[in-house]
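Worksheet for the structure shown next.
Only this structure's heavy atoms are used, side chains among them; waters, hydrogens and symmetry mates stay out.
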Amino acid sequence: LRVAVVGSAASAVQVVPEVARQAAQLTVFSRTPNWVMPRHNRPYTAEEQEALRSADALWRVRRQQYRDALLWHRAFHKSPSAIRELREVGLAHMRSAIADRELVRDLTPGYDPGCKRILVSDDYYPALARDHVRLLPCGVAALERDAVVATDGSRVEVDVVIFCTGYRLGGRAEGGPALEVHGRGGRRLAEVFAVRPQAYRGIAIPGFPNYFTACGVNGTVAYGSLIASAELATEAIAAWAARLVHDGLRSVEARADLTERYNEQIQAELAEMSWAGDCPNFYRDASGRVVSFFPGTVGRLRRELRHLDEGELLVER
């Protein structure tokens with residue numbers, strides 16, 4: 001089969017290597033190149049598997065992974081040395097698999113690492129270097145019955161087109177949460193978020209009592225797996241759920257005044273970070289506010305959520 005993959009971001013770096021193994025011809029339409037870092041995937045040795053049976057050993061490995069990833073965090077905060085190091089890693093990774101100078105040029109982003117989502121893959125670049133794989137540094141203008149027409153006017157005959165063109169933040173065609181959530185006065189969460197998506201410390205939203213979110217708006221640390229962020233949020237949510245039951249509370253929700261103040265503070269931080277840069281990404285809402293990530297570290301998020309006290313929330317007894 002002759003296959004076209006439209007896009008070159010997170011989904012594409014996973015799809016392209018697998019399609020390249022099976023397709024007779026593969027064309028990748030890459031409108032905007034992305035920074036791709038090595039994953040360094042490999043099987044664990046028998047000795048490592050035995051050592052990792054210990055919970056303490058697993059925790060040490062996990063903690064070290066987050067410490068190692070602080071390079072990304074520093075790049076997100078626009079540290080020149082961190083940005084320079086990430087660029088060098090990304091370019092070395094690319095050049096280790098691709099000798100074609102023109103292809104290297106087409107794959108090299110014109111922005112610093114961190115402005116768009118940084119991708120991780122060991123086999124994306126080797127797939128692009130294969131003889132039957134071609135990268136076109138442009139978008140798609142039209143689809144025909146048996147071809148894709150690129151924005152540069154070229155026409156590529158294909159049998160299958162795979163779209164790796166991203167998704168809408170919120171998961172629904174009109175944006176907002178995937179589930180209908182109604183708060184005080186019957187107000188829909190989708191309507192609230194359409195005006196301004198924001199939360200208090202990523203887990204609570206004014207006007208929506210007893211409703212909590214894990215990895216919600218600005219509730220996820222960006223430089224590692226979201227599992228750690230989800231665990232920290234879940235611990236805080238579980239603690240407040242237990243208090244609702246134990247203390248016989250009717251409801252608990254975020255205070256509107258503190259939510260506004262908190263978001264003013266973190267948006268001021270986020271405006272100075274790489275995600276607010278001049279490149280397209282899904283991190284920002286329509287007004288340009290970064291809504292996807294928490295600006296601090298895992299440690300800072302842990303401290304803020306563990307010290308979430310009753311004075312920060314509206315409690316109805």
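One N or O on the side chain of Asp159 and one on the backbone of Arg2 form a donor-acceptor pair closer than 3.5 Å. With hydrogens and angles disregarded, no donor-acceptor distance shorter than 3.5 Å links the side chain of Asp106 to the backbone of Leu135. Of the possible polar contacts, one joining the Ser96 side chain to the His93 backbone as a donor-acceptor pair under 3.5 Å is found. Within the 3.5 Å criterion, the main-chain N or O of Pro113 finds no donor-acceptor partner in the side chain of Ser274. Of the possible polar contacts, none joining the Glu50 side chain to the Glu47 backbone as a donor-acceptor pair under 3.5 Å is found.
In terms of the ring-ring contact (aromatic ring centres under 6.0 Å, His included) criterion, Phe208 has no residue partners (sequence neighbours excluded). For the ring-ring contact (aromatic ring centres under 6.0 Å, His included) test, no residue two or more places apart in sequence or in another chain qualifies with His132. A search for side chain to side chain donor-acceptor pair (under 3.5 Å) contacts involving Asp257 returns Arg255, not counting sequence neighbours. Every residue was checked against the side chain to side chain donor-acceptor pair (under 3.5 Å) condition with Asp131, not counting sequence neighbours, and none meets it.
Other residues, nucleotides and ligands place no more than 12 heavy atoms under 6.0 Å from the CZ atom of Arg31. Annotation for Arg105: atom CZ counts as buried by contact number, over 12 foreign heavy atoms lying within 6.0 Å.
The only option from Tyr111, Phe76, Trp72 that meets the ring pair (Phe, Tyr, Trp, His ring centres under 6.0 Å) definition with Trp275 turns out to be Phe76.
One finds the CZ atom of Arg95 at 13.0 Å from the CG atom of Asp100 (value rounded to the nearest 0.5 Å). Taking CE of Met37 as the reference point, atom CE of Met94 lies at 9.0 Å (rounded to 0.5 Å). Note that CG of Leu86 is 10.5 Å distant from CG of Leu91, once rounded to the nearest 0.5 Å.
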Show me the donor-acceptor pairs, under 3.5 Å and distance only, between side chains in residues 20-28 and residues at least two apart or in other chains.
unit_1	atom_1	unit_2	atom_2	d
Arg21	NH1	Pro17	O	3.4
Arg21	NH1	Glu18	OE1	3.3
Arg21	NH1	Glu18	OE2	2.6

Only pairs under 3.5 Å count here: list side-chain donor-acceptor contacts from residues 120-127, not counting sequence neighbours, and write none if there are none.
unit_1	atom_1	unit_2	atom_2	d
Ser121	OG	Asp123	N	3.2
Ser121	OG	Asp123	OD1	3.0
Ser121	OG	Tyr124	N	3.1
Asp122	OD1	Arg39	N	2.6
Asp122	OD1	His40	N	2.8
Asp122	OD2	His40	N	3.0
Asp122	OD2	Asn41	N	2.8

With a cut-off of 3.5 Å and sequence neighbours excluded, list every side-chain donor-acceptor pair involving residues 136-154.
unit_1	atom_1	unit_2	atom_2	d
Glu144	OE1	Arg155	NE	2.6
Glu144	OE1	Arg155	NH2	3.1
Asp146	OD1	Arg155	NH2	2.9
Thr151	OG1	Gly139	N	3.2
Thr151	OG1	Gly139	O	3.4
Asp152	OD1	Ser154	N	2.9
Asp152	OD1	Ser154	OG	2.6

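Residue pairs satisfying the side-chain hydrogen bond (donor to acceptor under 3.5 Å, both in side chains) criterion with at least one member in residues 214-234, sequence neighbours excluded, are listed as follows: Arg62-Glu231. Evaluation of the disulfide (SG to SG under 2.5 Å) test over residues 260-302, restricted to residues two or more places apart or in two chains, returns Cys115-Cys279. Screening residues 301-310 for side-chain hydrogen bond (donor to acceptor under 3.5 Å, both in side chains), with sequence neighbours left out, gives Arg201-Glu304, Arg243-Glu310, Arg300-Glu304, Glu310-Arg317.
Counted by atom type alone, Glu253 and Tyr211 present zero donor-acceptor pairs between their side chains at under 3.5 Å. Judged by distance alone, the side chains of Asp56 and Ser54 never bring a donor and an acceptor atom under 3.5 Å apart.
Hydrophobic clustering, with ILVMFWY side chains joined whenever heavy atoms are under 4.5 angstrom apart, groups Val221 together with Phe212. Grouping the Ile, Leu, Val, Met, Phe, Trp and Tyr side chains by contacts below 4.5 angstrom, directly or via other members, places Ile237 apart from Leu226.
Leu52 belongs to a hydrophobic cluster whose remaining members, ordered by chain and number, are Tyr44, Leu58, Val61; membership requires side-chain heavy atoms of ILVMFWY residues under 4.5 Å apart, directly or through intermediates. Here Ile83 is tied to no hydrophobic group at all, with no ILVMFWY side chain closer than 4.5 Å.
Salt-bridge annotation for Lys78 and Glu272: absent, with no side-chain N of the basic residue lying under 4.0 Å from a carboxylate O of the acidic one.
The closest side-chain heavy-atom distance from Val16 to Val13 is not below 4.5 Å.
Summarising the geometry of Leu270 relative to Val290, their closest heavy-atom pair is CD1-O, 3.6 Å, with the distance given to 0.1 Å.
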